[in-house]
S.K.: 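The following block contains the structure, expressed as structure tokens.
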Amino acid sequence: MPKALDENAIGNLKRDGFHFPIPGVTETEAADYRRQLEAFEAANGGSLKGAHRFKTHLLFKWLAYLVRAPHILDPVEDLIGPNILCWTTHWFIKEPQSPSYVSWHQDNNYWGLDTKDLVSVWIALSPATVESGCMRMLPGSHLKPPMPHVDTRAQHNMLTRGQTIMDVDESLAVNVELQTGEAALFDYSIAHASHPNKSDDRRIGIVLRYIPPETRQVLADWDSAALVRGEDAYGHFEHEPVPQIDLDPVAVAFHQKAEEMQRQVYYKGTEWQEKRVTDDGVEAPY
Ligand SMILES: O=C(O)CCC(=O)C(=O)O
């Protein structure tokens, strides 16, 4: 008996590879989390960047709470079972009227996690509309053979390597429009993208990524995750500490090690794996 998702939602996820909207946070929580995010940004040189965009549940107490919230974990449990690790949290923030975009890609192409069961929960902390550059999904693409990606390193592409599926028929894409506080669930293999933000507000998305504990990281010898529900009988991931306060020194030290490993995985096989600037002078976006 599913805990949160009805037949329609589970059907959408199986057939299309995504489902929305589901409750993410309340509008009041969204405003509070945005305020805390923006206070951190103001104290740390502006828009969240680099390592701060990844595994931020180790830095912000409110996010450590959110990745463990029952109303988020119940739908995830309906999809991947009762034992759940949170592998990472990712920020996708587009400034007002900015050219930043996300090219068509499949997440399973480059994260090294040997599971089909990774679930992403994308939560809007501001309106995600066609105007502000909401996510776009290619229904059913998660059921097809993997699509070839090219590393473009294109300017303004928010993806680490600018990895891009070249031949997508945009007319088939579905806009994942979300109001502040709403969330979307999507599959590890779904092809997705988003256009630039043409609105006057920031488009702020925080994405929580969940896996079952039998998953292995095949692109690195060590990886970590937070055990957020149930048990881990496998031990493939070192369990992450829970920050007791914002920027808890123990969790910050762990974050440094864990985000460096994620950087290595994202850039595996590129010059950026070992250094932050390539021989032709291109700086790694993360
Ligand atoms: O937020 C976006 O526009 C893209 C998000 C994305 O690529 C992802 O969550 O995997």
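Computed from a prediction, not measured in an experiment: that's the story for all the values here. Note: hydrogens, waters and symmetry copies are ignored here, and every other heavy atom, side chains too, is used.
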S.K.: Flag yes if Leu13 and Ile84 sit in one hydrophobic cluster, no otherwise; membership is Ile, Leu, Val, Met, Phe, Trp, Tyr, and two members link when side-chain heavy atoms are under 4.5 Å apart.
M.R.: yes
S.K.: With a 4.5 Å limit on heavy-atom distance, are the side chains of Thr115 and Pro212 in contact?
M.R.: yes
S.K.: Hydrogens and angles aside, do Ser199 and Lys94 bring a side-chain donor and acceptor to less than 3.5 Å of each other?
M.R.: no
S.K.: Run the salt bridge (charged side-chain N to carboxylate O under 4.0 Å, His left out) test against Asp32 and tell me which residues pass, sequence neighbours left out.
M.R.: Arg35
S.K.: Under 3.5 Å, is there a donor-acceptor pair between the Arg209 and Ser120 side chains?
M.R.: yes
S.K.: Between CD1 of Ile72 and CG of Leu208, what distance do you get to the nearest 0.5 Å?
M.R.: 6.0 Å
S.K.: Donor-acceptor check, side chain of Ser126 to backbone of Ile204, threshold 3.5 angstrom: yes or no?
M.R.: yes
S.K.: Do Leu37 and Ile123 belong to the same hydrophobic cluster, where Ile, Leu, Val, Met, Phe, Trp and Tyr are linked whenever their side-chain heavy atoms lie under 4.5 Å apart, directly or via other members?
M.R.: yes
S.K.: Please confirm whether the backbone N or O of Val242 pairs with a side-chain atom of Gln244, one donor and one acceptor, at under 3.5 Å?
M.R.: yes
S.K.: What do the steps show when you test Phe60 against Tyr33 for ring-ring contact (aromatic ring centres under 6.0 Å, His included), and what is the final call?
M.R.: CA-CA 10 Å; Phe60 297 169; Tyr33 299 158; over 10 Å; no
S.K.: Between Glu260 and Arg263, does any NZ, NE, NH1 or NH2 come within less than 4.0 Å of an OD or OE carboxylate oxygen?
M.R.: yes
S.K.: Considering all heavy atoms of both residues, which atom of Leu48 and which atom of Glu41 are nearest to each other, and what is their separation?
M.R.: N-OE2, 2.8 Å
S.K.: Take Phe40 and His52, measure what ring-ring contact (aromatic ring centres under 6.0 Å, His included) needs, and give me the verdict at the end.
M.R.: CA-CA 10 Å; Phe40 179 84; His52 290 146; 5.0 Å; yes
S.K.: Which heavy atom of Tyr234 sits nearest to which heavy atom of Pro213, and what is that distance?
M.R.: CB-O, 3.5 Å
S.K.: Please check if any side-chain donor atom of Thr164 sits under 3.5 Å from a side-chain acceptor atom of Trp104, or the reverse.
M.R.: no
S.K.: Does Asn12 form a side-chain contact (heavy atoms from CB on, under 4.5 Å) with Phe20? I'd like the steps, not just the answer.
M.R.: CA-CA 9 Å; Asn12 286 346; Phe20 69 100; over 6 Å; no
S.K.: I need the Asn108 CG to Ile190 CD1 distance, nearest 0.5 Å.
M.R.: 10.5 Å
S.K.: With no hydrogens and no angle check, is any side-chain donor or acceptor of Lys49 less than 3.5 Å from a backbone partner on Gly45?
M.R.: yes
S.K.: Between Arg136 (side chain) and Asn175 (backbone), is there a donor-acceptor pair under 3.5 Å?
M.R.: no
S.K.: Using every non-hydrogen atom in the two residues, find where Val176 and Cys134 come nearest and quote the distance to one decimal.
M.R.: O-CB, 3.4 Å
S.K.: When you group the ILVMFWY residues by side-chain heavy-atom contacts below 4.5 Å and let the links chain together, are Tyr65 and Leu227 in the same group?
M.R.: no
S.K.: Evaluate the side-chain proximity of Val119 to Tyr188: yes if any heavy-atom separation is below 4.5 Å, no if none is.
M.R.: no
S.K.: Could you tell me whether the side chains of His192 and His105 share a donor-acceptor contact shorter than 3.5 Å?
M.R.: yes
S.K.: Rounded to the nearest 0.5 Å, how far apart are NE2 of His142 and CG of Asp107?
M.R.: 13.5 Å
S.K.: Grab the two heavy atoms, one from Ala183 and one from Val121, that are nearest each other, plus how far apart they are.
M.R.: CB-CG1, 4.1 Å
S.K.: Hydrophobic clusters here meaning ILVMFWY residues chained together by side-chain heavy-atom distances under 4.5 Å, can you tell me if Phe54 and Ile211 are in one?
M.R.: yes
S.K.: Can you confirm whether the side chains of His236 and Glu214 place a donor and an acceptor under 3.5 Å from each other?
M.R.: no
S.K.: OG of Ser132 to CG of Asp201: how many Å apart, nearest 0.5 Å?
M.R.: 8.0 Å
S.K.: Assess the residue pair Glu240 and His57 against the criterion (side chain to side chain donor-acceptor pair (under 3.5 Å)); give the C-alpha distance rounded to whole Å, side-chain angles, the decisive distance to 0.1 Å, and a yes or no.
M.R.: CA-CA 10 Å; Glu240 295 169 347; His57 59 283; 2.7 Å; yes
S.K.: Trp111 and Phe186: same hydrophobic cluster, using ILVMFWY side-chain contacts below 4.5 Å?
M.R.: yes
S.K.: Considering only NZ, NE, NH1 and NH2 on the basic side and carboxylate oxygens on the acidic side, decide whether Lys116 and Asp187 come within less than 4.0 Å.
M.R.: no
S.K.: So Ser224 and Phe237, do their side chains get closer than 4.5 Å, heavy atoms only?
M.R.: no
S.K.: Quick one, Glu131 and His195 - any side-chain contact, counting heavy atoms below 4.5 Å?
M.R.: no
S.K.: Using a cut-off of 6.0 Å, state whether more than 12 heavy atoms not belonging to Gln179 lie near its atom CD.
M.R.: no
S.K.: Does a side-chain heavy-atom distance below 4.5 Å link Val150 with Met166?
M.R.: yes
S.K.: Taking Gln106 for its side chain and Ala191 for its backbone only, find out whether a donor-acceptor pair lies under 3.5 Å.
M.R.: no
S.K.: Decide whether His156 and Ser100 meet the rule of one side-chain donor and one side-chain acceptor closer than 3.5 Å.
M.R.: no
S.K.: Determine whether Leu85 and His239 make a side-chain contact, defined as any pair of heavy atoms from C-beta on separated by less than 4.5 Å.
M.R.: yes
S.K.: Report yes or no: do Thr152 and Gln163 form a side-chain donor-acceptor pair below 3.5 Å?
M.R.: no
S.K.: With no hydrogens and no angle check, is any side-chain donor or acceptor of His90 less than 3.5 Å from a backbone partner on Thr88?
M.R.: no
S.K.: Inspect the surroundings of CZ in Arg216 and state if more than 12 heavy atoms from other residues, nucleotides or ligands are less than 6.0 Å away.
M.R.: no
S.K.: Looking at Leu138 and Asp169, what are the two nearest heavy atoms and their distance?
M.R.: CD1-O, 4.0 Å
S.K.: Other residues, nucleotides and ligands only: do more than 12 of their heavy atoms fall within 6.0 Å of CD on Glu170?
M.R.: yes
S.K.: Could you go through the side-chain contact (heavy atoms from CB on, under 4.5 Å) check for Leu185 and Leu79 one step at a time?
M.R.: CA-CA 10 Å; Leu185 295 167; Leu79 299 170; 4.3 Å; yes
S.K.: Would Asp246 and Trp62 count as having a side-chain donor-acceptor pair, cut-off 3.5 Å?
M.R.: no
S.K.: Could you report the tightest heavy-atom contact between Val265 and Ala220, atom names first, then the distance?
M.R.: CG2-CB, 4.0 Å
S.K.: Without swapping roles, check the side chain of Asp78 against the backbone of Leu5 for a donor-acceptor pair under 3.5 Å.
M.R.: yes
S.K.: Taking atom types as modelled and ignoring hydrogens, do the side chains of Asn197 and Arg203 form a donor-acceptor contact shorter than 3.5 angstrom?
M.R.: no
S.K.: Is any side-chain N of the basic residue among Glu38 and Arg34 closer than 4.0 Å to the acidic one's carboxylate O?
M.R.: yes
S.K.: So does Phe18 get a backbone contact from the side chain of Asp16, meaning a donor-acceptor N/O pair under 3.5 Å?
M.R.: no
S.K.: For the CG atom of Leu73 and the CZ atom of Arg68, what is their distance to the nearest 0.5 Å?
M.R.: 9.0 Å
S.K.: Working to the nearest 0.5 angstrom, can you tell me the gap between Glu259 CD and Gln264 CD?
M.R.: 10.0 Å
S.K.: Side-chain contact test, heavy atoms from C-beta onward, threshold under 4.5 Å: evaluate it for Lys257 versus Glu238 and give yes or no.
M.R.: yes
S.K.: State, with a plain yes or no, whether a side-chain heavy atom of Arg202 is found less than 4.5 Å away from one of Ile93.
M.R.: yes
S.K.: Is the closest basic N to carboxylate O distance between Glu77 and Lys3 below 4.0 Å?
M.R.: yes
S.K.: Strictly distance-based, threshold 3.5 Å: is any side-chain N or O of Glu177 a donor or acceptor partner for the main-chain N or O of Val130?
M.R.: yes
